[in-house]
Protein chains: 2
Amino acid sequence: MEVSAISGTGSRGRYAKGVLRRQQILDRAIEVFADLGFEGTSLRAIGDAIGVSHAALRRYFDTREELFLEVLREKDRQAVTQAHESGLDEMAGFATLAANYAQQAPGLMALRHSMIARALEPRNEHSREFFRDRYRSIRDEALVVLQHARDRGAVRTDIPLDTAAALMIAALDGLSTQWLVDPDVDMQEGMALIEQLLAPAGTHAAP
Amino acid sequence: MEVSAISGTGSRGRYAKGVLRRQQILDRAIEVFADLGFEGTSLRAIGDAIGVSHAALRRYFDTREELFLEVLREKDRQAVTQAHESGLDEMAGFATLAANYAQQAPGLMALRHSMIARALEPRNEHSREFFRDRYRSIRDEALVVLQHARDRGAVRTDIPLDTAAALMIAALDGLSTQWLVDPDVDMQEGMALIEQLLAPAGTHAAP
DNA sequence: GTCTATACAGGGATAGAC
DNA sequence: GTCTATCCCTGTATAGAC
């Protein structure tokens, strides 16, 4: 089946169908996850939602673990794109914006939680490395934001910014956890507080 | 309920054996978990470690989920007892002490992570309520510590302490996560920073 | 290349014998 | 209280149709 996905290129992608199928699997996986949660999103459930057998999924992903990791990779790529487009790295109040972003996607946060839990299994170095690298990456991104903020005089100068970056990511993660198990928890409030704490003495967050 | 597991009372507890067995299951579960992780700690694996079938465990715990929740409940009780004995609620630098405590028990932190992930499943309200209540409880405890610290002038007065309590717990959780997937992350450093941020301007943490 | 059918080992839960 | 046997589900793996 020579299905050309990209119109206008003129080059019939010989594996275009496979590429589309792969993307379809990832999309359906997220949908099924939203309904049935992590445990419920079995390979058979994903296959059923598409109309193929569970064995077919293995043409595209070696393991279920790898399938979910790819979901997370894709969401990360989308988030990076969105952040750059909206100039988030230059924007003040990004901590509360991050909190708001997290609250828009509770399913995604839950999936991350489930996958991190699996990454802590003794023989799952592969997933553990994924999250190790991911956290290093987002700490670096947070560090850049903090440096820009300090340049504007919005962050106190008596603290190590790399530690502050780790702390901000940690606060976001930890507040997400509390919020996921208890909707009464106000993530925005918590992230606003850490922004206030990071600001120089006598400064208040600008609207 | 004539349960008497404590020697010296003179009354032979009719269910003493059952109580001991129950405790034995919990103890072995932790040991097996340390070796095999969460997935590996199946009811059959725990049963094998004791010398009974997996079905026997159901006399003491309705589900595997409940068994692990009881492990966490017990660890929480022990932590509260230890904290009160060492007067932790009066002590300065409790954030870094908490970080140190977390690092002493990576297996326990991993177990909590796995159980929280399961608590996020759509039809697992029971576990979700457990963690919701647990977080409310430890936020309250953190709030008391912060109030005492403020009374001593160790915490700035322009922030809401209940939000600060949630933030400290979140920081501890989030830093734990980063440390679990990357031993290079320094939890103490992160918790020391949030202590510094909470201190009034011009104050430095006393040794 | 893509997919179905099938088999396998292992999981939690459960019923009923002893 | 503990057992065995069983049920249905899971992820993984392979063979072969088309």
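Order of the sequence lines fixes the chain letters, A, B, ..., with proteins taken first and strands second; residue numbering starts at 1 for each chain. All figures in this text were calculated on a predicted structure; none of them were measured in a lab.
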* Scan nucleotides 13-18 of chain D nucleotide by nucleotide, 5' to 3', and note B when protein non-hydrogen atoms come under 4.0 Å of the base, S if they reach only the sugar-phosphate, - if neither. => B--B--
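- Taking five base pairs at each end of the helix from C/dG1-D/dC18 to C/dC18-D/dG1 and finding the rotation axis that steps the C1' atoms of four pairs onto the next four gives two axes whose angle is 10°, to the nearest 10°.
- Around CZ of A/R123, the count of heavy atoms belonging to other residues, nucleotides or ligands within 6.0 Å does not exceed 12.
- Between A/F61 atom CZ and C/dT2 atom C1' the separation is 15 Å, expressed in whole Å.
- Using a cut-off of 4.0 Å between Lys/Arg side-chain N and Asp/Glu carboxylate O, B/R22 and B/E70 are scored as salt-bridged.
- Using a 4.0 Å cut-off between charged nitrogen and carboxylate oxygen, B/D184 and A/R136 count as a salt-bridge pair.
- Here the closest heavy-atom approach between residue B/F130 and residue B/L69 is recorded as CD2-CD2, 3.6 Å.
- In this structure, the separation between CD1 on B/I159 and CG on B/L167 is 8.5 Å, given to the nearest 0.5 Å.
- Aromatic ring centres of B/F61 and B/F68: separated by at least 6.0 Å.
- Considering only residues two or more places apart in sequence or on other chains, A/R134 meets the salt bridge (charged side-chain N to carboxylate O under 4.0 Å, His left out) condition with A/D76.
- Here A/R21 does not reach the OP1 or OP2 of C/dG1: none of its side-chain N or O atoms lies under 4.0 Å away.
- B/F33 meets the ring-ring contact (aromatic ring centres under 6.0 Å, His included) test with no other residue; sequence neighbours excluded.
- Of the listed nucleotides (C/dT2, D/dT2, D/dT4), C/dT2 has the atom at the smallest distance from the side chain of A/K17.
- If you measure from atom CG of B/D48 to atom P of D/dT4, you get 11 Å, rounded to the nearest angstrom.
- In this structure, B/Q24 places its CD atom 14 Å from C1' of D/dT2, rounding to the nearest Å.
- At the heavy-atom level, A/Y60 lies under 4.0 Å from the strands shown only through sugar-phosphate atoms.
- Within a heavy-atom distance below 4.0 Å of DNA chain D, no residue of residues 109-130 of chain B is found.
- In this structure, A/I25 places its CD1 atom 15 Å from C1' of D/dG11, rounding to the nearest Å.
- Geometrically, B/R28 does not engage B/Y60 in a cation-pi contact, judged by NZ or CZ lying under 6.0 Å from the ring centre and within 45° of the ring axis.
- Atom CD1 of B/I50 and atom C1' of D/dC3 are 15 Å apart (whole Å).
- The nearest whole Å value for the distance from the CD1 atom in A/I46 to the P atom in D/dT12 is 11 Å.
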Please tabulate the protein-to-nucleotide N/O contacts below 3.5 Å involving nucleotides 9-11 of chain C, giving atom names and distances.
from	atom 1	to	atom 2	distance (Å)
C/dG11	OP1	B/S42	OG	3.1

